[in-house]
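This report concerns only the one structure given below.
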Protein chains: 2
Amino acid sequence: MLTLKQDHSELVVLSVLSTGPSYGYAISKDIANRSDGHFKLSPSGMYPLLTKLEKSGLVTTSWEEVKAAGADPESTGRRRKWYTLSPKGHKHLSRRIEHHRQVQSILDGFVPQSFPDELANG
Amino acid sequence: MLTLKQDHSELVVLSVLSTGPSYGYAISKDIANRSDGHFKLSPSGMYPLLTKLEKSGLVTTSWEEVKAAGADPESTGRRRKWYTLSPKGHKHLSRRIEHHRQVQSILDGFVPQSFPDELANG
DNA sequence: TTCGTATATATCGAAACTAGATATATATTT
DNA sequence: AAATATATATCTAGTTTCGATATATACGAA
């Protein structure tokens, strides 16, 4: 299991939202599924991040009442908070991707391409 | 200027040390130069990191007294602390590179390859 | 000879981040 | 009826971050 740092979490969440609106639980499942279980974003990582994105205007939100088919009409039902990437968020993601690629590229200049571990044994 | 996160700092510092022993100041200059000034690792990032690497046995250290040519023989001279990648550090770096590549690869599955910012304008 | 810059290592502290645990509540499946 | 899945959210202790600060020597230029 590869735990995501916040920087990467934000990049991944924004990327997921760039394909369409979603909500916390679905995003976390999406991340787990699309990474074959390698990436995980727990509730304590997800919700503060989504709140931060909302506060900074990168996403807009709306509540959906998810009522079961045979549910008591008086019941509150389950609430689902949808997150939609705003135009500002779109631009932000664009810059973030560019930044990400640049870091990657420079990093590749330092990390040895081939690194024989065998040298260390003996 | 792209500030390095600790995770990346460690990867870069270990990578630099994999080409031969060095010391704090030289490593920080190396990082700045080899990244065309894009990466920077400040003293407050560098020394705690090096101390951590030393404590965990990934590097070994030795002090060098750098005395000036015409310096007072009684003077302490400038001290330089050399860091050498240990066999354990070599193995650690090897695993870290592998991990880095894996994260990169999974991340690429989320981040849109092409992301036209123009869509956001209008 | 003195002044500014470069070399060199190191800590401090406030703020931000991390991650497991916990809390709450509804829906579905067995 | 119980277990599991869906769904959002906070708490808290520990860790990380990063600019600012501290200390001292060496070198080059004026």
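Naming convention: chains lettered A, B, ... in sequence-line order (proteins, then strands); numbering from 1 in each chain.
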In whole angstrom, give the distance that lies between atom [atom1] of [X] and atom [atom2] of [N].
X	N	atom1	atom2	answer
B/Ile27	C/dT7	CD1	P	15 Å
B/Tyr47	C/dT7	OH	P	12 Å
A/Tyr23	C/dA27	OH	P	14 Å
B/Glu64	C/dT7	CD	C1'	13 Å
A/Leu53	C/dC17	CG	C1'	15 Å
A/Glu54	D/dT8	CD	P	12 Å
B/Lys29	C/dA6	NZ	P	8 Å
A/Glu10	C/dA16	CD	C1'	14 Å

In residues 39-46 of chain B, which residues come under 4.0 Å of DNA chain C by heavy atom?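 The stretch gives B/Pro43, B/Ser44 as the residues lying under 4.0 Å from the strand, ordered by number.
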
Would you check if the distance from the ring center of B/His90 to the ring center of A/Phe115 is below 6.0 Å?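 Between A/Phe115 and B/His90, which both carry aromatic rings, the centre distance is below 6.0 Å.
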
Could you label the plane-to-plane angle of the A/Tyr23 and A/Trp82 rings as parallel, tilted or perpendicular, counting under 30° as parallel and over 60° as perpendicular?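 A/Tyr23 vs A/Trp82 ring planes: perpendicular.
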
I want to confirm an ordering. Mapping A/Lys52 and B/Gly24 to their closest nucleotides on DNA chain C, which one lands closer to the 5' end?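 Result: B/Gly24.
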
Please confirm whether any donor atom in the side chain of A/Arg78 sits under 3.5 Å from an acceptor in the base of D/dT6, or the reverse.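 Side chain to base: pair present.
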
Please classify the nucleic acid contact of B/Trp63 as base, sugar-phosphate, or nothing, using heavy-atom distances under 4.0 Å.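 Touches sugar-phosphate only.
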
Can you tell me if the side-chain N/O atoms of B/Tyr25 get under 4.0 Å from OP1 or OP2 in C/dT9?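 Answer no for this pair, as no side-chain N or O of B/Tyr25 is under 4.0 Å from OP1 or OP2.
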
Using OP1 and OP2 only, check whether a side-chain N or O of A/Gln6 sits under 4.0 Å from C/dT18.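 Result: yes.
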
Between B/Leu11 and B/Leu93, is a side-chain contact (heavy atoms from CB on, under 4.5 Å) present by the stated rule, with each step listed? CA-CA 7 Å; B/Leu11 180 61; B/Leu93 174 55; 4.1 Å; yes

Kindly write out the residues that satisfy salt bridge (charged side-chain N to carboxylate O under 4.0 Å, His left out) with B/Lys29, not counting sequence neighbours, or none if the list is empty.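 Applying salt bridge (charged side-chain N to carboxylate O under 4.0 Å, His left out) to B/Lys29 gives none.
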
Where the side chain of B/Lys52 meets the backbone of B/Tyr47, is there a donor-acceptor pair that is under 3.5 Å apart?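 Checked: no pair found.
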
Please report the shortest heavy-atom distance between A/Leu41 and A/Ile31, naming the atom on each side.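 Shortest heavy-atom contact: CD2-CD1, 4.2 Å.
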
Take A/Val13 and A/Ile27 through the side-chain contact (heavy atoms from CB on, under 4.5 Å) test and state the conclusion after the steps. CA-CA 7 Å; A/Val13 166; A/Ile27 296 172; 4.2 Å; yes

